[in-house]
Amino acid sequence: MGVEVAVEGLTKSFGSQKIWEDVTFTLPKGEVSALLGPSGTGKSVFLKSLIGLLRPEAGSIHIGDTDILQCTSKELYEVRKLFGVLFQDGALFGSMNLYDNVAFPLREHTRKSESEVRKIVMEKLELTGLTGAEGKLPGEISGGMRKRAGLARALVLDPEIILVDEPDSGLDPVRTTYLAQSLIDINAQIDATILIVTHNINLARTVPDNLGMLYRKRLVMFGPREVLLTSEEPSVRQFLRGSKIGPIGMSEEKDDAQMREELAQAEAGHSDGSVGEDEMRGVPPQMQPTPGSPTRQGEIRREERVRDMLDTLPQNAQDAIREEWASRGHGNGNATAGVGAGAAASSSDSVDDHYGSSAQ
């Protein structure tokens, strides 16, 4: 099972430029989460901070029981073995073929024999649809294949935490969907904790269990997908619609005059190309594991939390959530009815203290 990642009071700057401050939330163990936000809000910086490549000036990052901002170099080295990271461009070694790229972490961090290494590498290449391409160099394959090779390498040590930076970068929508399906299937199989940084609205609305958003140097909200997808918070609502109407502009924040002008244009019937209100209504179905995969326990745990907090949410959110549950046969607001045999086993999980307490 994956490891819980708890971030509290995190602040990061480069010189006099503050990237974000007082970021506090928890990635629940064994669930898929996504971090959203306009370009330049420090999402990739946040990922690098989680694995200790960058050091924030304040706060704590607990990976399980270890605060990586206070631990020794030796402890940090051991903690990093829990992670698998898929970088935007795959970050493959250009002089190595795909087999050796994927084998590299095993050769670097384990004492496995070459026969054991080969068995694991070929298994991960098959999982990511790269069987037969193991002899190719990164420069000889497409961007999508490089991305999948990066995912195979990220998985080769069977990580408990998987970080994914812009999985749709350089990929067409179809390949992005296949990659997203791979992440859901992997979560179902090994119950890893997964964090995806993305701008892709369709991916954000249909893949993760939890959503968070960085904007104006702060974490606007973080919580179960049902809560953010029904949120009336202006920046969250605007971002998920991909609309010009709202506080986010071409620069980080637009002024009142620009907001008034854009509202007047919208009222006059000018289309800004965003998704229509009807298409954004309610909670869309979540991507499910490929048929034949194990029951995804992360989904069960998330729905348990949502059920427990349901009565505290705004009425429109309650209505949308109950409507989505009913469409899946969950009945009268009972999130866990019929979601799998593992539901009862997860009922002892408590609601995380950070849920519902967005940093404003």
Side-chain angles (χ1 to χ4, degrees), residues 2 32 44 47-48 50-53 77-78 80-198 200 203 207 287 289-294:
V32 181
S44 294
L47 287 190
K48 292 175 182 177
L50 286 187
I51 53 178
L53 293 177
Y77 181 81
E78 292 302 315
R80 282 176 173 165
K81 293 180 182 179
L82 300 175
F83 285 89
V85 183
L86 174 57
F87 296 97
Q88 281 191 38
D89 58 358
L92 301 176
F93 297 109
S95 60
M96 292 184 184
N97 61 28
L98 298 193
Y99 180 93
D100 288 331
N101 264 286
V102 177
F104 183 83
L106 290 168
R107 292 168 174 163
E108 184 76 11
H109 297 296
T110 75
R111 297 175 179 268
K112 295 184 183 296
S113 67
E114 274 303 310
S115 62
E116 291 175 306
V117 168
R118 180 168 184 79
K119 180 178 182 294
I120 295 169
V121 169
M122 297 310 293
E123 176 186 284
K124 302 308 181 188
L125 289 172
E126 180 181 5
L127 179 65
T128 52
L130 291 170
T131 302
E134 58 269 21
K136 294 183 180 295
L137 293 170
E140 299 174 335
I141 59 177
S142 68
M145 292 177 73
R146 286 195 295 272
K147 187 81 77 171
R148 284 183 280 144
L151 179 59
R153 188 177 62 185
L155 297 174
V156 78
L157 291 176
D158 292 325
E160 297 181 54
I161 306 167
I162 301 172
L163 305 181
V164 183
D165 194 3
E166 298 286 359
D168 59 316
S169 176
L171 293 188
D172 61 77
V174 174
R175 271 44 176 260
T176 298
T177 300
Y178 274 110
L179 187 60
Q181 183 69 66
S182 297
L183 293 171
I184 286 291
D185 290 348
I186 289 162
N187 178 255
Q189 291 164 15
I190 65 176
D191 212 21
T193 303
I194 299 177
L195 175 61
I196 304 169
V197 160
T198 185
N200 187 302
L203 186 154
V207 173
M287 180 177 281
T290 300
S293 300

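The residues of the chain are indexed from 1 along the displayed sequence.
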To the nearest 0.5 Å, how far apart are CG in Leu155 and CG in Leu127?
6.5 Å
Within the 3.5 Å criterion, strictly below it, is a donor on Gln181 or Asp185 matched to an acceptor on the partner's side chain?
yes
Let me confirm one number: the CG-CD distance from Asn97 to Glu140, rounded to the nearest 0.5 Å.
9.0 Å
With side chain to side chain contact (heavy atoms under 4.5 Å, CB included) as the criterion, how do Ile161 and Leu195 come out once you've worked through the C-alpha distance, each side chain's angles and the decisive distance to 0.1 Å?
CA-CA 8 Å; Ile161 306 167; Leu195 175 61; over 6 Å; no
Go through Asp168 and Lys147 one step at a time and tell me if the salt bridge (Lys or Arg N to Asp or Glu O under 4.0 Å) criterion holds.
CA-CA 9 Å; Asp168 59 316; Lys147 187 81 77 171; over 6 Å; no
Would you please name every residue forming a salt bridge (charged side-chain N to carboxylate O under 4.0 Å, His left out) with Arg118, sequence neighbours left out?
none
Between Arg153 and Thr128, is any pair of side-chain heavy atoms under 4.5 Å apart?
no
What residues, two or more places apart in sequence or in another chain, satisfy side chain to side chain donor-acceptor pair (under 3.5 Å) together with Asp165?
Ser44
Determine whether Thr110 and Glu116 satisfy the following criterion, side chain to side chain contact (heavy atoms under 4.5 Å, CB included), listing intermediate values before the conclusion.
CA-CA 11 Å; Thr110 75; Glu116 291 175 306; over 6 Å; no
Taking atom CZ of Arg80 as the centre, report whether more than 12 heavy atoms of other residues, nucleotides or ligands fall under 6.0 Å from it.
yes
Just do the side chain to side chain contact (heavy atoms under 4.5 Å, CB included) check on Val207 and Thr198 with the steps written out, would you?
CA-CA 11 Å; Val207 173; Thr198 185; over 6 Å; no
Between CD of Glu166 and CD1 of Ile196, what distance do you get to the nearest 0.5 Å?
11.0 Å
Separation of Leu106 CG from Ile120 CD1 (nearest 0.5 Å)
5.0 Å
May I ask you to check whether over 12 heavy atoms, not counting those of Lys81, lie within 6.0 Å of atom NZ?
yes
For Glu126, I'd like to know if atom CD has over 12 heavy atoms of other residues, nucleotides or ligands within 6.0 Å.
no
Could you tell me which residues satisfy side chain to side chain donor-acceptor pair (under 3.5 Å) with Tyr178, sequence neighbours excluded, listed by chain and number?
none
Under the criterion side chain to side chain contact (heavy atoms under 4.5 Å, CB included), I'd like the reasoning laid out for Glu134 against Val121: C-alpha separation, chi angles, the key distance, then a yes or no.
CA-CA 9 Å; Glu134 58 269 21; Val121 169; over 6 Å; no
Taking side chain as C-beta onward, heavy atoms only, is Tyr77 less than 4.5 Å from His109?
yes
Could you give the distance from CD1 (Ile162) to CD1 (Ile190), rounded to the nearest 0.5 Å?
4.5 Å
